[in-house]
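The structure appears right after this line, and notes come after that.
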Number of protein chains: 2
Amino acid sequence: MGKAYNVMAATCPSRTVLHRIGARWTVFIVNALDDGPRRFTELKAHIQGITPKVLTETLRSLEADGLISRHEYDESPPRVEYALTPLGRSLLVPLRAVRLWAEQHVPDIEAARARRHDHA
Amino acid sequence: MGKAYNVMAATCPSRTVLHRIGARWTVFIVNALDDGPRRFTELKAHIQGITPKVLTETLRSLEADGLISRHEYDESPPRVEYALTPLGRSLLVPLRAVRLWAEQHVPDIEAARARRHDHA
DNA sequence: GACGAACGGTATGGATTTGATACCGGTATC
DNA sequence: GATACCGGTATCAAATCCATACCGTTCGTC
């Protein structure tokens, strides 16, 4: 059971999978669901700066790929909750690491950018 | 030394860092440099489907952020090599995990998409 | 029962990114 | 001199993203 898929190949299905993961807001949404299910408005408030349109689109995509589930409670008023599926939770592991890396290496990157400015 | 940065905050510098990492081709390029330095044309051939324009742009961005280094050898004919910096190599760890996740979970995601088609 | 607010989104239209394709100057090689 | 390779640019079309406004339903308040 070797490497059946290779993201570097243009026609490999893993390529589309990786491009989906790499979509602008996927990392944010998956991380935002780390603590449990959230409602649409909660997500919008938590992930500052995301527009409702993009949030809807990204959620639909992630749902189509089986990474999150959308549960519409038949209450009054109706309530919609988004949660990670087991598959989504498995993706959370590497994506959480990416988020942590970003949060931890801000000074390094800002230093690199500053260095660049000096040369220019 | 708690969490000084939070990617969910719109104005947090880590936000721009994460968006840079999440750019369409960053994961591919960083992973492509896993085995050592590569030349421009090698990268273009290895990462199938990337256009030279986008490759140039992404390389410049990654260089500005201190993730890769560009070394121009003063030979004849001149040769240009791109390599991961120590910082870039530290990013490679989570990004390699993301790539592997994508390659390993293709069947799961294709199954989810197929299920979606049945319902539609 | 009119008024306003919250929820879960859509609609529209413009700005930004991405992509496809062609091209270019310099250096070998034939 | 003709051709090909390297490391890119230039140009323009297409896809994506973002800002802003709006909508129908439900609820609480008066």
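A note on names: the letters A, B, ... follow the listed sequences, proteins ahead of strands, and every chain is numbered from 1.
Qualifying side-chain contact (heavy atoms from CB on, under 4.5 Å) partners for Ala9(B), counting only residues two or more places apart in sequence or in other chains: Gln48(A), Cys12(B). Pro107(A) meets the side-chain contact (heavy atoms from CB on, under 4.5 Å) test with Tyr5(B); sequence neighbours excluded. For Glu42(A), the side-chain contact (heavy atoms from CB on, under 4.5 Å) criterion is met by Arg38(A), Arg39(A), not counting sequence neighbours. The side-chain contact (heavy atoms from CB on, under 4.5 Å) test applied to Pro78(B) returns no partner, not counting sequence neighbours. Here Trp25(A) pairs with Phe28(A), His19(B) under the ring pair (Phe, Tyr, Trp, His ring centres under 6.0 Å) rule; sequence neighbours left out.
Put simply, the side chain of Leu91(A) reaches to within 4.5 Å of the side chain of Ile21(A), judged on heavy atoms. Side-chain contact between Arg60(A) and Leu55(A): absent, with no pair of heavy atoms (C-beta onward) separated by less than 4.5 Å.
Between its opening and closing five pairs, the helix from dG1(C)-dC30(D) to dC30(C)-dG1(D) changes axis direction by 10°, a value rounded to 10 degrees.
Identified under the salt bridge (charged side-chain N to carboxylate O under 4.0 Å, His left out) test for residues 9-29 of chain B, with sequence neighbours left out: Arg20(B)-Asp65(B). Residue pairs meeting the ring pair (Phe, Tyr, Trp, His ring centres under 6.0 Å) criterion with at least one partner in residues 60-79 of chain B, sequence neighbours excluded, are His71(B)-Tyr73(B). Sequence neighbours left out, the pairs with a member in residues 84-116 of chain B that pass ring pair (Phe, Tyr, Trp, His ring centres under 6.0 Å) are Trp101(B)-His105(B).
dC6(D) atom C1' lies 13 Å from atom CG of Leu43(B), rounded to whole Å. Between Glu63(B) atom CD and dG8(D) atom C1' there is a gap of 14 Å when expressed in whole angstrom units. Atom-to-atom, NE2 of His46(A) to P of dC7(C) comes out at 16 Å; the value is rounded to the nearest Å. Taking atom CD of residue Glu81(B) and atom P of nucleotide dG8(D), one finds them 12 Å apart after rounding to whole Å. Summarising the geometry, the separation between CG on Leu55(A) and C1' on dA11(C) is reported as 17 Å, rounded to the nearest angstrom. When the P atom of dG8(D) is taken as reference, atom CD1 of Ile47(B) falls 14 Å away, rounded to whole Å. Distance, Lys44(A) NZ to dT20(D) C1': 12 Å, rounded to whole Å. The CD atom of Glu72(B) sits 12 Å away from the P atom of dT27(C) (whole-angstrom rounding).
Between the side chain of Glu103(B) and the backbone N or O of Val7(A) there is at least one donor-acceptor pair closer than 3.5 Å. Judged by distance alone, the side chain of Arg70(B) and the main-chain N or O of Tyr82(B) form no donor-acceptor pair under 3.5 Å. Using a distance-only test at 3.5 Å, with no hydrogens or angles considered, a donor-acceptor pair links the side chain of Thr56(B) to the main chain of Pro52(B).
Taking only side-chain nitrogens and oxygens, Arg70(B) comes nearer than 4.0 Å to OP1 or OP2 of dG8(D). Between Tyr82(B) and dG8(D), a side-chain N or O to OP1/OP2 separation shorter than 4.0 Å is present.
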Hey, what are the protein-to-nucleotides 24-30 of chain D N/O distances that come in under 3.5 Å?
from: dT26(D); atom 1: O3'; to: Ser76(A); atom 2: OG; distance (Å): 3.3
from: dC27(D); atom 1: OP1; to: Ser76(A); atom 2: O; distance (Å): 2.6
from: dC27(D); atom 1: OP1; to: Ser76(A); atom 2: OG; distance (Å): 2.2
from: dC27(D); atom 1: OP1; to: Pro77(A); atom 2: N; distance (Å): 2.7
from: dC27(D); atom 1: OP2; to: Ser76(A); atom 2: OG; distance (Å): 2.9

Find every protein N or O atom lying less than 3.5 Å from an N or O atom of nucleotides 14-19 of chain D, and list the pairs.
from: dC18(D); atom 1: OP2; to: Trp25(A); atom 2: NE1; distance (Å): 2.6
from: dC18(D); atom 1: N4; to: Lys53(A); atom 2: NZ; distance (Å): 2.6

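Cluster membership for Val98(B) and Leu100(A), using ILVMFWY side-chain heavy atoms within less than 4.5 angstrom, is not shared.
Residues from residues 29-42 of chain A lying near DNA chain D, meaning a heavy-atom separation below 4.0 Å, are absent.
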